[in-house]
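Quick notes on the structure that follows.
The sequence lines fix the lettering, A, B, ..., with proteins before strands; numbering per chain opens at 1. All figures in this text were calculated on a predicted structure; none of them were measured in a lab.
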There are 2 protein chains.
Amino acid sequence: MKHLVTFRMIDAIARTGSIRSAAEQVNQTPSAVQRRLQNYEDELGYEIFQRTSKGVRLNAAGEMAIQHIRQTLADTERLNSLIADLAGVRRGHVNIGCSQALMPYFLPAQIARYQARYPEVTFNVQVMEHSRAAEALEAFQVDIALVFDEKTVPDYEVHLAVPQRLAAIMARDHPLARHKILRLRQCYEYPVALALRGFSGRLLLERALHGKTFRKPPIVQSDSFEYLMAHVATTDAITFQIQIGAPDASQSAPQDRGIISREIDTRDVTGGMLLLGLKRNRALPVAASRFVEQITLSLSDEYRPSSD
Amino acid sequence: MKHLVTFRMIDAIARTGSIRSAAEQVNQTPSAVQRRLQNYEDELGYEIFQRTSKGVRLNAAGEMAIQHIRQTLADTERLNSLIADLAGVRRGHVNIGCSQALMPYFLPAQIARYQARYPEVTFNVQVMEHSRAAEALEAFQVDIALVFDEKTVPDYEVHLAVPQRLAAIMARDHPLARHKILRLRQCYEYPVALALRGFSGRLLLERALHGKTFRKPPIVQSDSFEYLMAHVATTDAITFQIQIGAPDASQSAPQDRGIISREIDTRDVTGGMLLLGLKRNRALPVAASRFVEQITLSLSDEYRPSSD
DNA sequence: AACACGCGTTGCGTTTTGGGCAACGCGGTT
DNA sequence: AACCGCGTTGCCCAAAACGCAACGCGTGTT
């Protein structure tokens, strides 16, 4: 789109915080970018960026302008997707910001399923926690947020909220593996390996452990779930993850050889919510909109926690 | 705004139905307009207009495109108004589509009051009945619709609905003028002059007259309220108008010398609604938004029908 | 204190884009 | 058959955008 190059440049400037780096990002010279910015500011009648010694920063007017600019860019993309859809082809691009827990099983499966029907649709999946996801929604950086949140009222539109139980993950031949449902106290008879604070499952667990006498420090912490999985696969340690991020018996993925998950009794852990968030009043492109429909259905069916 | 000339041209083409007339409207040659349209269609990858022998017409893709284009134009205007407002000045333009009944008293007073505070805000007021107003809202031709509607559920957002009683209008020295409230039967003891079917007051009256034995044909009909007013001022005939369009004792306007209005008993006429309509999900420019606030307040206070 | 660095900005020559003019092809009308 | 009004296109010129190089100016370093 020809008439949007200025907007793309300004968006790049706002993101990078400098004209030169924005120029690099759009493969142009700084002078070209600077001139387009200046022209736009002249048309608007106000400066949008405050010039500092080490770059530029949006001012009050700029905050409103960038909102309009990103809105316009998003709307344009939506128009393209609408027309493409009308012409019979489903193509487009979907940006997703989501919790780590969705990376190993849920999203790969969902996206694979979607792309099986619509191969022309491309995806971009990025891990972020919920406050960052809210920002990204607002700035049109992601179309869909899929995050775990156990308490706060978010400032985006919650399109869907499904409760999430906690699951314990252990080696396939672990003594506890013969139970279907575990009490937290049982798990804590073994060493525990935990994700860092800030991860979804950890949050849930910490709340559950509050005041419990059997609580003890983890023998190992890590920000890598790959590590935690490998660790419990080869020892008698136990780690935790929210349900949707735990290996599921029904759909064993290649990477979970040697590990298995068991649900924690709901008496011990009150589940948080997995939220599907959208930007308020935003009309999504067709591809994103249909993808939301798909995962809404999936989450309502398969992933609804089994009532015990 | 430089990057919107193409959009303005395409909007003009869509409205006028021809490239040449659109060119005239934006003071350019047909070739220039045609090229911009062609460029846009190339960028989009689809034709937007179906070429006919006597002009062009939007096709399916075009319907979606024109929606986006008008949305973008409106959003741009809104950004300008937001930034102007932030800079302390209130300027801008408000387009209003409204029933005839608001023209003689209500809107002039409201706009005058608003412009007394914000002289830089300009207005455009256009008479239209409610279905046309709904279209105009949808096509971003008006920001605010202020129409009388007694029944149907409108497809725009009803921001405010105030009930409207019917009033009889007669000469100042008419025998009935000594009553405060009139029964319909009393009025029909005199000749009646009516607006054409389709006008707000006429609709209300027709419903009230349904099945009444004293009903009789009007001695004169007209689409001009100026004529009707002049007629009743010089004869003993009576005409009707909804409350807000009738001369008000509290604020006598220069044009209503010789005429006076009296409310009709609510037992005879169940009032319709005066609706303040906005386009759904549309963010209004500052000036329009504040004007809506003002008339909302005014309608809630002054024009709420006095409870008899 | 002098220096280098990275930033936004600007002057100038070049390239690309856009506009006006006139003419063409085409359907419907007279 | 001639005509009219429509969208469209080739050609030429004007205007806008771009790249390059250089400048001024703060900041942090040596």
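Listed candidates were D:dT9, C:dT9, D:dG7. Nearest to the side chain of A:I19 is C:dT9. Which of D:dT9, D:dG26, C:dT10 sits closest to the side chain of A:S31 comes down to C:dT10. Distance from the side chain of A:R36 is smallest to D:dA17 among D:dA17, D:dG19, D:dG7. Side-chain proximity of B:T29 to the nucleotides D:dT8, C:dG20, D:dA21 is greatest for C:dG20. Of all nucleotides listed (C:dG8, C:dG19, D:dT8), C:dG19 comes nearest to the side chain of B:A32.
Partner B:D143 forms a salt bridge (Lys or Arg N to Asp or Glu O under 4.0 Å) with one of B:R78, B:R290, B:K279, B:R282 and no other, that one being B:R282.
When heavy atoms are screened at a 4.0 angstrom cut-off, B:R20 is found touching base atoms of the nucleic acid. B:R35 comes within contact range of at least one nucleobase, with a heavy-atom separation under 4.0 Å. Nucleic acid contact class of A:S18 (heavy atoms, under 4.0 Å, all strands): sugar-phosphate only.
Within the structure, a side-chain polar atom (N or O) of B:Q38 is placed less than 4.0 Å from OP1 or OP2 of D:dT9. Of the side-chain N and O atoms in B:Q34, none sit less than 4.0 angstrom from OP1 or OP2 of D:dG7.
The interatomic distance linking B:L37 (CG) with C:dG19 (C1') rounds to 16 Å, in whole Å. Between B:R57 atom CZ and D:dG7 atom C1' there is a gap of 15 Å when expressed in whole angstrom units. Taking atom CD on A:Q28 and atom C1' on C:dT15, their separation rounds to 13 Å, with Å as the unit. Rounded to an integer number of Å, the gap from NE2 of B:H3 to C1' of D:dA17 is 16 Å. Per the geometry, NZ belonging to A:K54 stands 9 Å off C1' belonging to D:dG28, to the nearest Å. Per the geometry, CD belonging to A:E41 stands 16 Å off C1' belonging to C:dT10, to the nearest Å. If you measure from atom CD1 of A:I48 to atom P of C:dG8, you get 15 Å, rounded to the nearest angstrom. As rounded to whole Å, 14 Å separates atom C1' of C:dT10 from atom CZ of A:R51.
Ring geometry, A:Y40 versus B:H3: the interplanar angle falls from 30° to 60°, so the pair is classed tilted.
Side-chain atoms of A:S222 do not come within 3.5 Å of backbone N or O of A:Y227 as any donor-acceptor pair. Remark: the backbone N or O of A:V121 is not paired with any side-chain donor or acceptor of A:R91 at under 3.5 angstrom.
In terms of position on DNA chain D, the residue among A:S53 and A:N27 whose nearest nucleotide sits closer to the 5' end is A:N27.
Aromatic ring centres of A:F225 and A:F199 lie closer together than 6.0 Å.
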